[in-house]
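As the structure is a prediction and not an experimental result, all values here were calculated from the model. In what follows, chains are A, B, ... by sequence order, proteins preceding strands, each numbered from 1.
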Amino acid sequence: MKRSKIKSLFQDAPIQTRVVVKGWVRTKRESKTFSFLELNDGSTIRNLQIVADAGMPGYDEVIRKISTGACIAATGMLVASQGKGQSVELQAESLEVYGTADPETYPLQKKGHSLEFLREIAHLRVRTNTFGAVYRLRNAMAYGIHQFFQEKGFYYVHTPIITGSDTEGAGEMFSVTTLNLKNIPLQENGAIDFASDFFEKHTHLTVSGQLNGETAALALSDIYTFGPTFRAENSNTGRHLAEFWMIEPEMAFYDLNDNADLAEEFLKYLISYAFQTCQEDLEFLNKMYDNELISRLQFVLNNPFKRLTYTEAIDILTTCGKKFEFPVGWGTDLQSEHERYLVEQHFKCPVILTDYPRDIKAFYMRANEDGKTVRAMDVLFPGIGEIIGGSQREERLEALEKRIAEMQLPAEEYSWYLDTRRYGSAPHSGFGLGFERLLLFVTGMANIRDVIPFPRTPGNASF
RNA sequence: UCCUCCUUAGCUCAGUUGGUUAGAGCGGCUGACUGUUAAUCAGUAGGUCCCUGGUUCAAGCCCAGGAGGGGGAGCCA
């Protein structure tokens with residue numbers, strides 16, 4: 001008989017049908033003449049209750065081997081439950097144990113565990129309700145991202161993970177090398193001789209696919225990337241990872257307003273998609289971790305994001321009368337406390353800040369006519385701060401070359417990038433969304449290490 | 001990297017002014033129980049008090065260094 005997924009049994013409830021279910025036992029409750037088993041197979045957060053009567057053939061032997069964490073198959077009739085708490089249950093005719101889990105050493109118990117403890121057993125934590133919900137939401141968001149862009153006619157572009165230039169400027173990079181680390185070849189001046197390395201030059205793990213993505217947008221019009229990125233920053237916070245996933249759409253003929261429109265529509269689409277696909281998981285997370293999760297998601301879904309310029313934000317911050325730890329002034333970047341004030345206290349909704357001073361932003365952002373600001377935008381969310389950073393790109397060759405020179409960047413490294421402006425340049429825009437930052441918001445988890453299966457952070461690459 | 005807090009049983013934590021044999025709840029195990037659902041009830045086992053060094057008659061507790069973790073900040077997504 002073909003195995004049924006527990007989710008479909010709850011949906012279709014084929015009462016008085018003989019079925020096979022397979023999964024992992026969450027708890028066993030024994031009494032004299034029967035046992036209850038709670039079975040979870042990952043298809044839903046809900047467990048199927050299995051009732052095993054002591055009269056079942058081989059009962060004593062099989063029930064003795066079953067404990068929390070064991071993997072079993074159960075065959076029997078799906079019946080309406082006599083007890084409260086579930087509509088249907090399985091009246092077992094036979095049980096087969098695939099894998100036992102020694103209760104003396106199995107680290108997961110049926111009671112709750114701290115997230116800190118579960119991080120130490122990341123290979124097993126997916127067996128908990130919490131991480132089952134997080135994994136399912138992560139899957140749904142990944143699928144929803146592709147669906148959103150595909151429906152809009154965007155092309156999915158694969159940008160390289162190993163990059164030959166260190167010019168993306170988004171942070172410290174990991175080196176990629178096959179040189180013998182015990183005997184590194186040196187040039188006469190003492191510098192490492194990368195000419196004998198695999199790629200015959202110094203290579204790194206990518207920190208952003210944007211520059212490559214721009215080349216595709218200037219041919220295919222609308223593209224997006226969705227892949228891993230790497231930052232070797234020594235960042236020890238609940239919002240940073242050394243390895244994370246990023247979504248970077250890039251659109252020809254979009255100005256900054258079009259860019260902001262797309263970002264807002266995109267985020268709302270994903271929240272709506274989470275409600276459509278993971279309602280029960282969201283309800284669980286709302287109940288267990290963050291009682292305002294669902295209302296916050298609904299609020300973001302149903303209200304326009306507040307848009308204002310950096311300059312207007314500085315005015316609000318300097319006249320609001322609130323004392324900040326870091327001073328506010330035009331020309332300096334906003335600190336976390338400033339962003340939080342705007343989002344959580346002043347506007348009480350997501351905020352899109354635009355037109356930042358050019359001196360605190362990257363070289364590729366389109367200069368405004370005032371000579372002081374660039375067409376940058378940051379989308380700020382309650383609780384997590386910057387979730388999206390983007391800009392209209394500088395499409396004018398001369399302006400871009402001038403900016404590269406002013407910032408003393410190695411112009412020769414950008415020759416391929418500048419070709420996009422040299423030949424058939426076009427106004428275009430794009431943004432980057434940190435996938436795990438999105439998941440923090442959608443799941444209500446507080447620490448980014450809990451929304452990626454195996455987090456990589458400074459000093460930690462276990463599993 | 002900086003600030004700050006923490007580290008005691010499998011887990012979550014108490015542990016008084018430095019004082020004899022370090023406790024609880026949960027989990028595990030044993031047993032009871034005819035519908036439980038974080039089952040209930042009774043019993044029971046379980047400890048490198050993070051590591052190293054120091055102070056002291058005596059250290060889980062005080063001091064120094066180290067390791068690991070949490071929260072906050074910076075950097076950013």
Check your understanding: Which value, rounded to the nearest 0.5 Å, describes the distance between C320(A) atom SG and H346(A) atom NE2?
Key -> 8.5 Å

Review point. If we call it a pair only when both distances are under 3.5 Å in a Watson-Crick or G-U wobble match, what pairs with G68(B)?
Key: C6(B)

Exercise for review: Have a look at T237(A) and say if it touches a base, only the backbone sugar-phosphate, or nothing, with a 4.0 Å heavy-atom cut-off.
Suggested key: base

Exercise for review: For U1(B), give its Watson-Crick or G-U wobble partner with both distances under 3.5 Å, or none.
Suggested key: A73(B)

Practice item. Could you give the distance separating G71(B) and G35(B) at their P atoms, to the nearest angstrom? Key: 44 Å

Review point. If we take the C1' atom in both G43(B) and G60(B), what is their distance in whole Å?
Key: 30 Å

Point to revise | Spacing of the P atoms in U16(B) and U52(B) (rounded, Å) | key: 23 Å

Review point. Quick one: are the ring centres of F324(A) and H338(A) less than 6.0 Å apart?
Key: yes

Review point. Should Q49(A) be listed as having a side-chain N or O under 4.0 Å from OP1 or OP2 of U36(B)?
Key: no

Check your understanding: Over how many whole Å does the gap from D333(A) atom CG to C76(B) atom P extend?
Key -> 7 Å

**Study point:** Side-chain-base donor-acceptor pair under 3.5 Å for S235(A) and C76(B)
**Key:** no

Practice item. Choose from G28(B), G70(B), U12(B) the nucleotide whose nearest atom is closest to any side-chain atom of E104(A). Key: G28(B)

Check your understanding: In whole angstroms, how far is the C1' atom of G70(B) from the CG atom of L115(A)?
Key -> 11 Å

Check your understanding: Are H146(A) and F226(A) close enough that their ring centres sit under 6.0 Å apart?
Key -> yes

Practice item. Would you classify H240(A) as touching base, sugar-phosphate or nothing, given that sugar-phosphate means primed atoms plus P, OP1 and OP2, and contacts are heavy atoms under 4.0 Å? Key: base

Check your understanding: Expressed as a whole number of Å, how far does the P atom of G65(B) sit from that of C3(B)?
Key -> 13 Å

